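Sequential numbering from 1 along the given sequence is applied to the chain's residues. Here the structure is a predicted model, which means the values were calculated and not measured. Each ligand, and each atom within it, is numbered from 1 in the order the structure gives.
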Amino acid sequence: MAEVTLDLRNVDKARAYAELDGHIRAVLDGVDDPITAMATVSCLVHHAFGHLWTGFYRVVAPKLLRVGPYQGTLGCLEIAFGKGVCGAAATEGRTVVVEDVEKFPGHITCDGRSRSEIVVPVKNQEGELIAVFDVDSEHAGTFDETDRAGLEKVLGWFAGR
Ligand code: SME
(Lines give C-alpha, C1' and ligand atoms only; values in the text may rest on other atoms or scores of the structure.)
Protein backbone atom coordinates (compact mmCIF):
# COMPACT_ATOMS: atom_id res chain seq x y z
CA MET A 1 0.00 0.00 0.00
CA ALA A 2 1.17 3.51 -0.82
CA GLU A 3 1.27 4.88 2.72
CA VAL A 4 1.49 8.60 2.11
CA THR A 5 -0.96 11.47 1.97
CA LEU A 6 -0.05 13.54 -1.10
CA ASP A 7 -0.06 17.35 -1.07
CA LEU A 8 -0.61 18.41 -4.71
CA ARG A 9 -1.44 22.07 -4.18
CA ASN A 10 1.61 23.26 -6.12
CA VAL A 11 1.19 20.80 -8.99
CA ASP A 12 -0.52 21.61 -12.31
CA LYS A 13 -4.15 20.54 -11.82
CA ALA A 14 -4.40 17.99 -14.64
CA ARG A 15 -1.15 16.36 -13.53
CA ALA A 16 -2.26 16.48 -9.91
CA TYR A 17 -5.46 14.57 -10.71
CA ALA A 18 -3.55 11.98 -12.74
CA GLU A 19 -1.14 11.42 -9.86
CA LEU A 20 -3.92 11.37 -7.29
CA ASP A 21 -5.98 8.88 -9.29
CA GLY A 22 -3.02 6.49 -9.54
CA HIS A 23 -2.30 6.89 -5.85
CA ILE A 24 -5.90 6.28 -4.77
CA ARG A 25 -6.13 3.16 -6.93
CA ALA A 26 -2.88 1.84 -5.44
CA VAL A 27 -4.13 2.46 -1.89
CA LEU A 28 -7.52 0.83 -2.67
CA ASP A 29 -6.03 -2.19 -4.39
CA GLY A 30 -7.91 -5.26 -3.12
CA VAL A 31 -10.55 -3.19 -1.26
CA ASP A 32 -14.20 -4.02 -1.96
CA ASP A 33 -15.90 -2.08 0.83
CA PRO A 34 -17.40 1.16 -0.55
CA ILE A 35 -17.42 2.90 2.85
CA THR A 36 -13.70 2.21 3.27
CA ALA A 37 -13.17 3.57 -0.22
CA MET A 38 -15.27 6.68 0.50
CA ALA A 39 -13.26 7.44 3.66
CA THR A 40 -10.00 6.95 1.77
CA VAL A 41 -11.04 9.09 -1.23
CA SER A 42 -12.29 11.88 1.09
CA CYS A 43 -9.01 11.94 2.98
CA LEU A 44 -6.76 11.84 -0.07
CA VAL A 45 -8.67 14.39 -2.19
CA HIS A 46 -9.05 16.72 0.80
CA HIS A 47 -5.38 16.76 1.67
CA ALA A 48 -4.21 16.81 -1.94
CA PHE A 49 -5.94 20.13 -2.64
CA GLY A 50 -6.69 21.66 0.76
CA HIS A 51 -10.25 22.71 -0.01
CA LEU A 52 -12.79 23.52 2.70
CA TRP A 53 -14.94 20.38 2.74
CA THR A 54 -14.57 17.11 0.87
CA GLY A 55 -16.85 14.14 1.17
CA PHE A 56 -19.77 11.92 0.31
CA TYR A 57 -23.52 12.04 0.70
CA ARG A 58 -24.87 8.50 0.34
CA VAL A 59 -28.21 7.51 -1.15
CA VAL A 60 -30.00 5.89 1.83
CA ALA A 61 -33.61 5.94 0.58
CA PRO A 62 -35.11 6.46 -2.89
CA LYS A 63 -34.90 10.27 -2.74
CA LEU A 64 -32.67 10.92 0.27
CA LEU A 65 -28.96 11.65 0.72
CA ARG A 66 -27.30 11.23 4.11
CA VAL A 67 -23.81 12.40 4.97
CA GLY A 68 -21.12 9.74 4.64
CA PRO A 69 -17.34 9.81 5.10
CA TYR A 70 -15.95 13.35 4.84
CA GLN A 71 -13.22 15.74 5.89
CA GLY A 72 -13.93 19.29 7.04
CA THR A 73 -16.31 21.10 9.34
CA LEU A 74 -19.69 19.66 10.32
CA GLY A 75 -21.75 18.74 7.27
CA CYS A 76 -25.57 18.82 7.06
CA LEU A 77 -26.81 15.35 7.97
CA GLU A 78 -29.48 14.85 5.33
CA ILE A 79 -30.27 16.40 1.94
CA ALA A 80 -33.35 15.50 -0.11
CA PHE A 81 -32.97 14.89 -3.83
CA GLY A 82 -33.59 18.18 -5.63
CA LYS A 83 -32.34 20.29 -2.71
CA GLY A 84 -29.08 22.24 -2.90
CA VAL A 85 -26.22 21.43 -5.22
CA CYS A 86 -25.90 17.86 -3.93
CA GLY A 87 -29.60 17.22 -4.47
CA ALA A 88 -29.42 18.70 -7.97
CA ALA A 89 -26.49 16.45 -8.94
CA ALA A 90 -28.34 13.42 -7.51
CA THR A 91 -31.58 14.22 -9.34
CA GLU A 92 -29.94 15.07 -12.66
CA GLY A 93 -27.31 12.33 -12.46
CA ARG A 94 -24.60 14.66 -13.68
CA THR A 95 -21.72 16.67 -12.25
CA VAL A 96 -22.70 20.17 -11.15
CA VAL A 97 -20.04 22.91 -10.95
CA VAL A 98 -21.07 26.07 -9.07
CA GLU A 99 -18.73 29.04 -9.50
CA ASP A 100 -20.57 31.19 -6.96
CA VAL A 101 -22.83 29.52 -4.42
CA GLU A 102 -24.69 32.80 -3.85
CA LYS A 103 -25.97 32.57 -7.42
CA PHE A 104 -27.21 28.98 -7.05
CA PRO A 105 -30.87 29.07 -5.98
CA GLY A 106 -31.45 26.79 -3.00
CA HIS A 107 -27.79 26.27 -2.16
CA ILE A 108 -27.53 24.69 1.31
CA THR A 109 -25.04 26.43 3.57
CA CYS A 110 -23.28 24.03 5.92
CA ASP A 111 -20.13 26.13 6.31
CA GLY A 112 -20.65 29.86 5.75
CA ARG A 113 -17.16 30.18 4.25
CA SER A 114 -18.08 28.07 1.20
CA ARG A 115 -17.99 30.14 -2.03
CA SER A 116 -17.86 27.55 -4.83
CA GLU A 117 -18.31 23.83 -5.19
CA ILE A 118 -18.42 20.77 -7.39
CA VAL A 119 -20.68 17.76 -6.88
CA VAL A 120 -20.10 14.52 -8.79
CA PRO A 121 -22.56 11.59 -8.91
CA VAL A 122 -21.11 8.24 -7.79
CA LYS A 123 -22.41 5.04 -9.40
CA ASN A 124 -21.80 1.39 -8.65
CA GLN A 125 -21.02 -1.40 -11.14
CA GLU A 126 -24.74 -1.78 -11.90
CA GLY A 127 -24.93 1.90 -12.84
CA GLU A 128 -27.05 2.75 -9.78
CA LEU A 129 -26.47 6.05 -8.01
CA ILE A 130 -24.98 5.23 -4.59
CA ALA A 131 -23.75 8.67 -3.51
CA VAL A 132 -22.63 12.11 -4.57
CA PHE A 133 -19.14 13.49 -3.90
CA ASP A 134 -19.07 17.13 -2.82
CA VAL A 135 -16.02 19.40 -2.70
CA ASP A 136 -16.45 22.94 -1.33
CA SER A 137 -13.97 25.81 -1.63
CA GLU A 138 -13.71 29.06 0.28
CA HIS A 139 -12.83 30.84 -2.99
CA ALA A 140 -15.21 31.64 -5.84
CA GLY A 141 -14.66 29.94 -9.20
CA THR A 142 -12.32 27.23 -7.89
CA PHE A 143 -13.62 24.33 -9.97
CA ASP A 144 -13.58 23.87 -13.74
CA GLU A 145 -13.59 21.24 -16.45
CA THR A 146 -10.26 19.80 -15.23
CA ASP A 147 -11.75 19.17 -11.79
CA ARG A 148 -14.85 17.61 -13.34
CA ALA A 149 -12.83 15.24 -15.52
CA GLY A 150 -10.33 14.48 -12.73
CA LEU A 151 -12.92 13.74 -10.07
CA GLU A 152 -15.15 11.73 -12.42
CA LYS A 153 -12.13 9.54 -13.21
CA VAL A 154 -11.32 9.01 -9.51
CA LEU A 155 -14.95 8.22 -8.67
CA GLY A 156 -15.14 5.75 -11.55
CA TRP A 157 -13.44 3.41 -9.06
CA PHE A 158 -16.86 2.73 -7.52
CA ALA A 159 -18.17 1.49 -10.86
CA GLY A 160 -15.13 -0.71 -11.37
CA ARG A 161 -13.76 1.66 -14.00
N1 SME B 1 -23.25 22.77 -0.28
C2 SME B 1 -24.08 21.64 -0.35
C3 SME B 1 -24.49 21.17 0.99
C4 SME B 1 -23.54 20.23 1.61
S5 SME B 1 -22.28 20.94 2.34
O6 SME B 1 -21.83 22.18 1.93
C7 SME B 1 -21.23 19.99 3.09
C8 SME B 1 -25.29 21.79 -1.23
O9 SME B 1 -25.87 22.86 -1.44
O10 SME B 1 -25.68 20.77 -1.75
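Less than 4.0 angstrom separates some heavy atom of W53 from each of these atoms of ligand 1: 7 (C). Close approach to G84 involves these atoms of ligand 1, each under 4.0 Å from a residue heavy atom: 9 (O), 10 (O). Atom numbering of ligand 1 starts at 1 in the shown order; those under 4.0 Å from a heavy atom of C110 are 3 (C), 4 (C), 5 (S), 6 (O), 7 (C). Listed by atom number, the atoms of ligand 1 under 4.0 Å from Y57 heavy atoms are 4 (C), 7 (C). Numbered from 1 in the order shown, with element, the atoms of ligand 1 that lie under 4.0 Å from a heavy atom of E117 read 1 (N), 2 (C), 8 (C).
Among protein heavy atoms, the minimum distance from atom 8 (C) of ligand 1 is reached at V85 N, 3.4 Å. Summary of contacts: the protein heavy atom closest to atom 3 (C) of ligand 1 is I108 O, 3.5 Å.
For a threshold of 3.5 Å applied to N or O pairs, the pair formed by D136 and ligand 1 contains at least one separation below that value. Between K83 and ligand 1, no N or O atom pair is found at a separation short of 3.5 Å. Not a single N or O atom of C76, backbone or side chain, sits closer than 3.5 Å to an N or O atom of ligand 1. In terms of polar-atom proximity, defined here as any N/O pair under 3.5 Å, C86 does make such a contact with ligand 1.
The closest donor-acceptor contact from the side chain of D147 to the backbone of D144 lies under 3.5 Å. For the pair T73 (side chain) and D111 (backbone), a donor-acceptor distance under 3.5 Å is absent. Here the side chain of Y70 pairs a donor or acceptor atom with the backbone of G75 at under 3.5 angstrom. Not one N or O on the side chain of T142 forms a donor-acceptor pair closer than 3.5 Å with the backbone of S116. A side-chain donor-acceptor contact under 3.5 Å links Y57 to the backbone of C76.
By the 4.5 Å heavy-atom criterion applied to side chains, F143 and T95 are not counted as neighbours.
With ring centers used as reference points, F133 lies 6.0 Å or more from F158. Note: F49 and Y17 meet the aromatic proximity criterion, with ring centroids under 6.0 Å apart.
With atom 4 (C) of ligand 1 as the reference point, the heavy atom nearest to it among D134, V67, V96 is part of D134.
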